[in-house]
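Let me begin by presenting the structure, written as structure tokens, before commenting on it.
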Amino acid sequence: MNVDLSGRSTSAVTTQVGSQARLGMRNQRRVQTLVVYALLAALSVLFILPFMWMVSTSLKESQDVFSYPPSFFPNSFIWQNYPRGWTLLPFNTFLTNSIIVTTANVVGNLVSCSLVAFGFARLRARGRNILFLALLATLMIPREVTIVPRFLLFSQLGMVNTLWPLILPAWFGYAFFIFLLRQFFMTIPTELDDAARIDGASTFRIFFEIILPLSKPALGTVAIFAFIGNWSNLLDPLIYIRSQELYTLALGLNLFRGQNFTQFNMLMAVSIITLIPVLTVFFLSQRLFVQGVTLTGMGGR
Amino acid sequence: METQTSSPQLATGRLGRSTSRKRRSEAIHAYIFMSPAILGLLLFTLGPMAASLLLSFTEYNIITDPEWIGIDNYVELFNDRLFWQSLRVSAIYSIVSVPLGLSVALALAILLNHKMRGMLIFRSVYYLPTVISGVGVAMLWRWLFNGDFGLINVLLRRVGIQGPNWLFDANWALAALIIASLWGIGGTMLIFLAGLQGIPQELYEAAEIDGAGRWRQFRSITLPMISHVTFFNLVLGVIGALQVFTDAYVMTGGGPNNATLFLSVYLYRHAFQFLHFGYAAAVAWILFLIVLALTLLVFKSSPLWVYYESERPGRNA
């Protein structure tokens, strides 16, 4: 029992195995557990406190925001800050645009990346590996390098000040998602494909009826990453969108900041509203998030 | 083929033809499936990069036709004090925030790697800020760093320290952005955690029997065993640090007195505020060359410090 306890259950910080008395061992372990918990808790305060401060500010009266000394808890809860802030600018329009852009990006990424990943994972063709490496290499190119010519391309196509430049690129694959999906597809036994082929299934049917249904967790991961990556994107809308009726939430929030830079209570209230969709997705898919990396990316050698 | 007489040869001939047909059909399918990425690569990456190289030798403001000016953009660039300032800002930010972020992320991952109750909750707490980056969070940091009423200075005052006016103080603005970046290390932390969980426990057990202390175990087992993960995080971290835009744009706008003029902000200004597209393309290419050089450096240096298990001597024995 002695050896069992110390050896298996913990990692880098393992207590000494050996001739110590069982009681001493147990105390040592208890102290260690306590220390780890204390550290984790103290650090999580640092991560949570800014959120609390955000919520607290969003509920304060305007004059209380700049009272001294500032109180951590609002004197009265001004829920009105939320609707008031939200209606100072056409945030409903911005929200609609963000939903359109984000949905189109998520769907586009799912469609294009799963097709491409299937090609890389399952079908042999000359130049496939070089192409895959080239694709992965694009991950190392900062997007700043291509924004100018991209902008010129879209302006040639007459798409500046439309939502298209924010949507179209997602339909041409994204190397990181292609990589994730390819890794996942490769874990599906090829015997399934072979059996289906013998039964006369076409490549497309194999893709739609075997690979995709078996890949729901990986597709879910991609959808969530795509959603979160797009929801807060500022640079692209900033470059392409001019008219306010096409603003996304990120742009709208940026405009709001410029106009009401001292109204921190309403700024925080509106910020919180824009974060709600992301927070909801995060809490619903927490396990996938926090464990997903282990499943899909680096973990498995 | 038709003239072949001996039957075994004929048979292989047929077989060969049918497999080669199958191969060809498979290859055609492969290209069809991969076509979105091939098109995307040409349309949104390789094409634009080539275009931007050409563009960098021109003067172009989108209204009049581009005019070939040779290397003038690059000459102007090297004579622009602000360009050097932006290089300096991006360099300092990368050199400080990347190693700092990696260390903190690794420390958190080690703490989280204990098999104890409630670890998933802690993981979520640390990961959460990573998920919600963007304008809203940048705004929150503006408020937190407010000189008089921001939470950070309020807390500092409690312990008797008069904090600086962070974002409006040229000496502190960059430091503030680095501190804010630490909030978003959750992704790096999770990747480290995955690496830590891949280390065989027997190594620690053996080390303990040999009497190695915790620090020694960390240095001689943990660090080498996760070096490939560190490598991955380092590459991503450097590239990410050179792309910082939203935080700088929203929190400081590049100020005060250009103290947070990141390369990306400098590029954005020239392209989309001054409409110097040729000049901005030159900046973009310099940025690309820097990233390329750094990435190559990290890759080339990796044999010195990255340990791959497949290279372990006697592993096959």
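Below, each value reflects all heavy atoms present in this structure, side chains not excepted, and no hydrogens, waters or symmetry copies. A note on names: the letters A, B, ... follow the listed sequences, proteins ahead of strands, and every chain is numbered from 1. None of the values given here were measured: they were computed from a predicted structure.
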- prompt: So what's closer than 4.5 Å to chain A heavy atoms on V238(B): side chain, backbone, both or neither?
  reply: neither
message: Can you tell me which of A51(B), S35(B), G211(B), S52(B) forms the most heavy-atom pairs within a distance under 4.5 Å of chain A?
response: S52(B)
Side chain, backbone, both or neither of L55(B) within contact of chain A (heavy atoms, under 4.5 Å): side chain
task: Evaluate the criterion side chain to side chain contact (heavy atoms under 4.5 Å, CB included) for residue pair I141(A) and V291(B); output intermediate values, then yes/no.
output: CA-CA 7 Å; I141(A) 302 171; V291(B) 172; over 6 Å; no
Between CD1 on residue I132(B) and CG on residue L275(A), distance to nearest 0.5 Å: 5.0 Å
field: chain B contact via F154(A) - side chain, backbone, both or neither, heavy atoms under 4.5 Å
entry: side chain
Interchain contact, Y37(A) with chain B, by part (heavy-atom threshold 4.5 Å): both
Part of M140(A) lying under 4.5 Å from any heavy atom of chain B: both
- request: Would you please test L238(A) and F245(B) for side chain to side chain contact (heavy atoms under 4.5 Å, CB included) and show each step?
  value: CA-CA 11 Å; L238(A) 198 61; F245(B) 178 79; 3.8 Å; yes
- prompt: What residue in S264(B), A280(B), A271(B) has the most heavy-atom pairs under 4.5 Å with chain A?
  reply: S264(B)
query: I239(B) versus chain A, heavy atoms under 4.5 Å apart: side chain, backbone, both or neither?
result: side chain
task: Scan F272(B), Y268(B), Y60(B) and name whichever one has a ring-ring contact (aromatic ring centres under 6.0 Å, His included) with F151(A).
output: F272(B)
query: Between F33(B) and F204(A), is the gap from one ring center to the other below 6.0 Å?
result: yes
message: Under a 3.5 Å distance rule, please check whether R124(A) uses its side chain to pair with a backbone N or O of E26(B) as donor and acceptor.
response: no
task: Write down the atom of M139(B), the atom of S271(A), and the distance for their closest heavy-atom approach.
output: CE-OG, 3.7 Å
task: Check P149(A) against P48(B) and note the closest heavy-atom contact, atom names and distance.
output: CG-O, 3.0 Å
- line: In terms of heavy-atom pairs under 4.5 Å with chain B, the winner among S112(A), P169(A), G173(A) is P169(A)
task: Under 4.5 Å heavy-atom distance to chain A, tell me which part of L155(B) shows up: side chain, backbone, both or neither.
output: side chain
- request: Please determine, among L123(A), T203(A), L251(A), the option with the most heavy-atom pairs under 4.5 Å with chain B.
  value: L123(A)
- line: Within residues 36-44 of chain B, the residues sitting under 4.5 Å from chain A by heavy atom, in sequence order, are P36(B), A37(B), I38(B), L39(B), G40(B), L41(B), L43(B), F44(B)
message: Shorter than 4.5 Å, heavy atoms on both sides: which option in Y31(B), F288(B), W183(B) has the most such pairs with chain A?
response: W183(B)
- prompt: Using non-hydrogen atoms only, which part of D148(B) is less than 4.5 Å away from chain A: side chain, backbone, both, or neither?
  reply: backbone
Whether over 12 other heavy atoms sit under 6.0 Å from L279(A) CG: yes
query: Taking everything shown except R157(B) itself, do over 12 heavy atoms lie less than 6.0 Å from its CZ?
result: yes
task: Look at the side chain of R143(A) and the backbone N and O of Q243(B), then say whether any donor-acceptor pair between them is shorter than 3.5 Å.
output: yes
- line: All heavy atoms of R257(A) vs all of V250(B), minimum pair found to be NH1-O, 3.1 Å
task: Examine whether an atom of L153(A) lies under 4.5 Å from a heavy atom of chain B, and if so say whether it belongs to the side chain, the backbone or both; otherwise answer neither.
output: side chain
- prompt: Are side-chain heavy atoms of L242(B) and E144(A) found at a separation under 4.5 Å?
  reply: no
message: So for S114(A), is it side chain, backbone, both, or neither that comes closer than 4.5 Å to the heavy atoms of chain B?
response: neither
- prompt: Can you tell which of V65(A), N233(A), I48(A) has the highest number of heavy-atom pairs within less than 4.5 Å of chain B?
  reply: V65(A)
field: Pairwise distance CZ(F118(A)) to NE2(H29(B)) - rounded to 0.5 angstrom
entry: 9.0 Å
query: Looking at F277(B), W141(B), F218(B), which has the largest count of heavy-atom pairs under 4.5 Å with chain A?
result: F277(B)
- request: Considering only heavy atoms and a distance below 4.5 Å, find which of L111(B), L236(B), L151(B) pairs most often with chain A.
  value: L151(B)
query: With a 4.5 angstrom heavy-atom cut-off, which part of L128(B) approaches chain A: side chain, backbone, both or neither?
result: both
statement: Under 4.5 Å to a heavy atom of chain A? For W285(B) that would be neither
- prompt: So which part of L267(B) gets closer than 4.5 Å to some heavy atom of chain A, the side chain, the backbone, both or neither?
  reply: side chain
